[in-house]
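See structure below.
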Amino acid sequence: MGAYYCAICNQTTFCGKKKHIFGKNHQSRLRVVLLKFTEKVKEARRTLKKPQVEKFDCTQHKQKFWCYCCGLEVERNVTDDNMTVMYGGLLEHMATREHRNGTYKFWWDNKADPKLRDRVLITEEETERFKAEVAKVLECFVEKEDEYIKQQADVIRAQEKHRQEVFQCLLEPNEERESSNGPSSTDPSVEVSVSSQFQSQVSEQQVRGRFDPIIEAPWTLAGHSLTFIGYQDSSSSGNVHTGAVPPWLQDDPLEGPSGAAAQAEIGPSLQDFLKQKEQEKLRKLPPNRVGANFDHSSHTDANWLPSFGRVWNSGRRWQSRHQFRQEEGQKNKQKRKREHETGGSKKTKPAAQF
Amino acid sequence: MSFFLPKLTTKKDIDEVIKGVAEKVLVLRFGRDDDSVCLQLDEILSKTAHDLSNMASIYIVDVDKTPIYTRYFDISYIPSTVFFFNGQHMKVDYGSPDHTKFVGSFKTKQDFIDLIEVIYRGAMRGKMIVQSPIDPQNIPKYDLLYHGI
């Protein structure tokens with residue numbers, strides 16, 4: 001035999017005088033394991049009295065679970081590829097003799113609480129009862145499935161019938177129009193059959209390829225249905241479902257010489273292209289840079305100046321503008337005065353102002 | 001058509017609109033102005049047109065005047081609403097047999113607004129077919145005739 005291995009602690013070596021199964025570590029792990037295991041069994045027990053049968057779902061129903069007592073994997077549900085009894089496998093396994101023996105051994109070896117042992121076992125009577133219940137529930141389930149299938153078949157049959165009728169009517173009105181105008185013996189019978197199937201009256205005069213088929217639209221107002229405007233024959237040109245070229249990408253046959261000139265050049269003009277390039281460059285700059293929203297096309301008048309020559313500005317622009325204009329005014333006055341008096345040119349010192 | 005929705009009468013107009021409307025959902029309503037369900041739909045379209053003006057442009061097309069488009073989109077029931085984005089035809093899965101257009105009218109304005117928003121968001125992320133947010137009960141039901149019969 002190999003070395004002693006405790007599956008619960010996942011260890012082979014232990015230290016200490018007493019056996020490790022009495023120790024804290026092992027017992028706590030054991031408790032967790034048992035808790036998880038009994039949870040699963042509790043779920044299964046709930047279905048003992050009321051078995052659950054469901055349609056087989058290959059993605060979910062082939063689950064296995066690990067039985068700690070026997071040390072092997074067991075299929076959780078029982079299925080025959082059509083229906084599944086949920087937890088059937090689990091309950092069956094728990095009823096077997098081997099599992100009973102395994103459980104006792106497990107409990108003894110790991111020194112688990114004997115009170116919990118019964119939760120994991122299932123007696124024979126319980127299984128008998130379960131089997132009876134399952135049989136009943138299976139029958140019910142099969143009946144329900146059959147009913148459902150019949151309903152679906154009815155719906156499909158009704159749709160088929162309706163389509164046939166509509167198609168018939170498409171053909172018959174065309175034939176009636178082609179035949180002579182006088183009432184013939186065949187017409188009333190056709191009319192009767194047609195009108196009995198369609199609730200709207202289809203008489204010769206009204207036939208124009210436009211009639212209201214019966215459509216269930218649960219929310220529409222009483223009697224409203226969609227207007228049918230005729231079967232669109234696009235076998236020659238193809239339509240959106242067949243993947244034909246859409247009309248807006250086809251060349252217009254009515255577009256004469258004007259179209260030819262416009263179609264010679266495709267794409268934007270040179271100007272537009274250069275402008276677009278500039279815009280692209282601008283887009284890469286940070287959006288909160290100074291003057292990002294400067295409108296380059298705004299009009300400024302002739303005597304606009306950026307800061308009027310000031311250096312240590314604080315305060316509003318109009319103040320510096322005002323001062324500038326005042327100085328200009330004084331300068332001009334002094335210039336004019338001197339020109340008047342002396343007639344020569346004299347340099348005037350600009351007055352330094354703070 | 002009243003309700004101030006712009007109308008398109010020729011193929012050229014429709015082509016220009018499809019190629020011209022940029023970065024917005026283009027809604028084309030194919031139908032007749034005197035049909036009752038078309039009137040219902042037009043009312044919903046016109047009342048929401050202003051609120052959706054940043055996301056969508058809505059136009060009215062008469063099926064009798066543009067047979068080439070009626071044939072191309074295989075419009076058998078009116079009203080039919082077709083959606084485009086940047087010249088690309090958008091498909092929407094409503095739970096009905098035809099994903100290329102919406103047949104019938106919407107039950108509420110909110111349904112239409114939700115649909116436009118879903119199409120806009122899908123288109124902005126590069127999707128050419130989106131899932132409709134409208135409750136399948138509110139989608140008008142119709143039978144699709146197959147061509148092969």
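Since this is a predicted model, take the numbers as computed values, not measurements.
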Look up atom [atom1] in [X] and atom [atom2] in [Y], then write down how far apart they are to the nearest 0.5 Å.
X      : Y      : atom1 : atom2 : result
B/Y142 : A/L226 : OH    : CG    : 9.0 Å
A/T242 : B/Y72  : OG1   : OH    : 8.0 Å
A/T227 : B/D35  : OG1   : CG    : 3.0 Å

Between [X] and chain A, which part of the residue has a heavy atom less than 4.5 Å away: side chain, backbone, both or neither?
X     : value
B/V63 : side chain
B/F84 : side chain
B/D98 : side chain
B/I18 : side chain
B/T70 : both

If you count every heavy atom of other residues, nucleotides or ligands that lies below 6.0 Å from [X] atom [atom1], does the total exceed 12?
X      : atom1 : result
B/K19  : NZ    : yes
B/K91  : NZ    : no
A/E280 : CD    : yes

Contact listing (chain A partner; residues 120-129 of chain B; heavy atom under 4.5 Å): none

Testing the basics here: between B/H89 and A/W248, what is the closest heavy-atom pair and its distance to 0.1 Å?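 Smallest interatomic distance, heavy atoms only, reads CB-CH2, 4.4 Å.
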
Is B/K11 close to A/P247 at the side-chain level, that is, under 4.5 Å between some pair of heavy atoms? yes

Close side-chain approach of B/R71 to A/N239, heavy-atom, < 4.5 Å: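 In short, these two side chains do not touch, never coming nearer than 4.5 Å.
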
Just so I understand: if I count every heavy-atom pair under 4.5 Å between each of B/D64, B/I75, B/V103, B/I68 and chain A, which residue has the most? B/I75

